[in-house]
Amino acid sequence: MTGRTDPMPSDAAESGCFHCGLPVPSGAHYPVMFEGRPRETCCGGCQAVANAIIENGLGAYYHHRTGPAGGPGEPLIPDELRELKLFDQPEVQRQFVTDETDRASGRVLREASLILEGITCAACVWLNERHVRALTGVTDFTVNYSTHRARVRWDPELLALSDILEAIRSIGYRAHPYDPGTRDKAFQRERHLALRRLAVAGLGMMQVMMLAVALWLGHGDEEHSALLQFMRWVAAGLTTPVVFYAAVPFFRSAWRDLRHRQLGMDVPVSLAILSTYFASLYSVALGTGEHVYFESVAMFVFFLLTSRYLELMARQRSSQAIDRLDRLIPALATRLTADGRDEQVPVAELAPGDRVRVRPGEPLPADGLVESGESTVNQALLTGEPEPCLRQAGDAVTGGTVNVDSPLVVRVTRVGAETTLAAIQRLLDRAQTDKPRLARLAERGTGHFTAAVLILTTLVGLVWYFWIAPDRAFWVVVAMLVATCPCALALATPVAITTTTGVLSRIGLLLTRGQAVEDMARADVVCFDKTGTLTVGRPEWVATQVLNPGFDGPELLRLAAALERHSEHPLAKALVQAAGDASLPSLQHVRNVAGRGLSGVLDGVELRVGTAGFVGLDEIPEGVRPPDTHAQATSVWMARAGEILGVFWLADQPRPRVRETVQELRELGVEVVLLSGDRPESAAIFAEHAGISEAKGGMTPEDKVHYVSERQARGQIVLMAGEGINDAPVLAGADISLAMGSGTRIAQTQADLVLMSDRLEAIPAAIRQSRDTLRIVRQNLIWAVGYNGVALPVAATGLLTPWLAALGMSISSLIVVGNALRLRREGESLLSDAADRVTLPATVIRPREG
Amino acid sequence: MEVLYLLIPIALILVLVIGLALFWAIRSGQYEDMEGPAHRILMDDDDPLIPGNREKRDSGDSNPGKRDG
């Protein structure tokens, strides 16, 4: 883990960026000095971040980390700085900041909760804590590694919140204040209650078990009968809180099931707990001590609670990961008053009918109609499409989407809970409370099983009462109930699934529905969308074609970036990033024409960057075509005083390790298909590059749905991986859906799995893991049913002694739990495989000396 | 064997104490982050205590301009 000694030679440093681990583009030169040696980084952003880390004496981060940084560093742009400053306004802070008086100094301190983005390993937590705590005025800063949340306490007289956010930004992470709100508190209450119940059940179980051993060994010992009876009473006393405090959730849910006339898993569970407890109590009260099963009760409750607790944690984690949605809505809006003045109001105070001004680069505060202005709006939130689309007066716009080019005045139509964004969030919540089908199936099975056992037990009890020995009938019935207690059966599926959920979440795959495990294991076909799934989903600069011999490529790029840095458009950002931190000349009279390009004046000459039409071209000059490697590249033209200087080619790049992922899926016997909305030729080129044999291009969302259902009609099980609203229908139609974590939120609401890490190699790993899970579940079910099948007749004949029944039940539960935990071990090796492959470029740090 | 009549009640009291301690630990949030602290204690490096490094750190102080020292 820490201070890992790395066998890799340090020459490997050439293979990837020192900071983020991505490949260093050829020709890029952004060195940082670390421990007296220069290291290469991939871009100016990474260089700046790595320098900030090293200069602040935090270079040890590079020794301690176990994974590369979450992504390349990005330079802090002025707009963003302004956005951070917004968080200093009292109206905004009111939503998430609490004041506190420090008792020692009498100063008023402020406290806020932050969501941190970019945390990939424990060293990131260390880095952030060390860096922020060193700021003057910060009294406390703690990061929760599991949830990526942080709490910060600071003295508002010494520094502002935006300084803290900026400091975090400077080392390559992003922090967003958020309102912990009622849901977080409810989550915490739920978690604490579950833990307390677990503690009571655990302690009770240990003590009762200890006494039980004495009781079993001393069985029939006449000499110490008083002592044994005393022990029985102690065991009864210890089991009472376990039953009436720890096991309450089972009773509640069983009662709910009964009211709905269902036989869920909790009905037999409650029945077993209560009947065993009361029968044992009755037996102790009689003083015979023949049938005391307190240890079975306590152990059963403890195991079940453990599995429920793990399930609860997995659920809360996945919902926390997705509720970053909240911060898409800005905290403040600029409202236009009746007399045309601007005023800043918190978004919560907006009402339908208000007019708001939205500056370029700002997200829209609510749903509305454009009243005046013309701009492009980035709707990636809804469509996954990185290209912004044009919005003019009268068009509808959605809250949370980002205005790109020029100011808009928007009349608000829907606010708060009525907005599209809120609707998406509700969808999500509902998806998460859905019960996994596999668990439901097991429950239905248990329902029948329980009914059968109850009927059989009653019959056997009646037979004993009327024909064999009336005085033993009751105890035979109790023995049967204990022996057939659905313990192992109840644990068989959930323990395996929660283990797998945990393993998968560690490789960055969130399981939102448990049923996905079952389907994934059986998947025959994996269909990939192209843009944003197999590719990064945003344009990157790939080539410059110089058309005027008086200029060279880098200089052209520098000029273009000087203009483009005034725009929020993805193409513009890609060019600015490509130019890196080369010093950019400043231009006068910069004008941004929505959806077309930018113009500005440098040394008295007009420069233009944009579409061919915008720079005054009617037709594409001969010899200008995209580079062979990127036939799909988009062109951005550059002109000076009407003369064309050159053209930049930008294209969407494939994600790392696409080929390996496809190869691995093949080895698992899964067919891989590319379903793309792109032209068939370019889909075919991409498929060839990725090693995919079947590629379908030019597909509309309906075509994709049709294709998938055709496959399903052939009896195949289809896993669809995609992102964007255009994939939402096919995601809903596929047997298992997987959405990219960086993709559209609406796609994630439909998905069974969300790939948070954006590492494709997690997909084959997950399929392997789910196959193992299914195998384990099957073994567990066979064992549980088999055990009950043997125990029931033995108990019915009255041969099963109480301690044998209890021991059998406990051991069968332990076997089921232990079997499921094997998944964890296998999961970890699978994880380390994946992790090794992923962190390869980052392990360039040479072993620590001394 | 009679000593068990004393030992078992003592065990019960101990269980009660442990239970209360657990409840307190849960309430004070010690189970909120099960992974972080384990790493944190290992990574608390001694760099600032080494005189040479301390000087380097003080002079290489540039970002974000609000550090102490």
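Chain letters run A, B, ... following the sequence lines, proteins first, then strands; residues in each count from 1. All of these numbers come straight from a predicted model, not from anything done at the bench.
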Practice problem: Find out whether B:Ile8 and A:Met231 are in side-chain contact, i.e. whether some heavy atom of one side chain is under 4.5 Å from a heavy atom of the other. | Solution: yes
Self-check item: A:Leu211 side chain reached by A:Leu238 side chain, heavy atoms, under 4.5 Å
Solution: yes
Quiz item: Can you find a heavy atom in the side chain of A:Val200 that is under 4.5 Å from one in the side chain of B:Phe23?
Solution: yes
Quiz prompt | Heavy-atom contact with chain A under 4.5 Å, split by part of B:Leu22 | solution = side chain
Quiz item: Quick one: what part of B:Ile18 sits under 4.5 Å from any heavy atom of chain A, side chain, backbone, both or neither?
Solution: both
Quiz item: Is any side-chain heavy atom of A:Val125 closer than 4.5 Å to a side-chain heavy atom of A:Glu129?
Solution: yes
Practice problem: Report the option among A:Val234, A:Asn51, A:Val138 that has the most heavy-atom pairs separated by less than 4.5 Å from atoms of chain B. | Solution: A:Val234
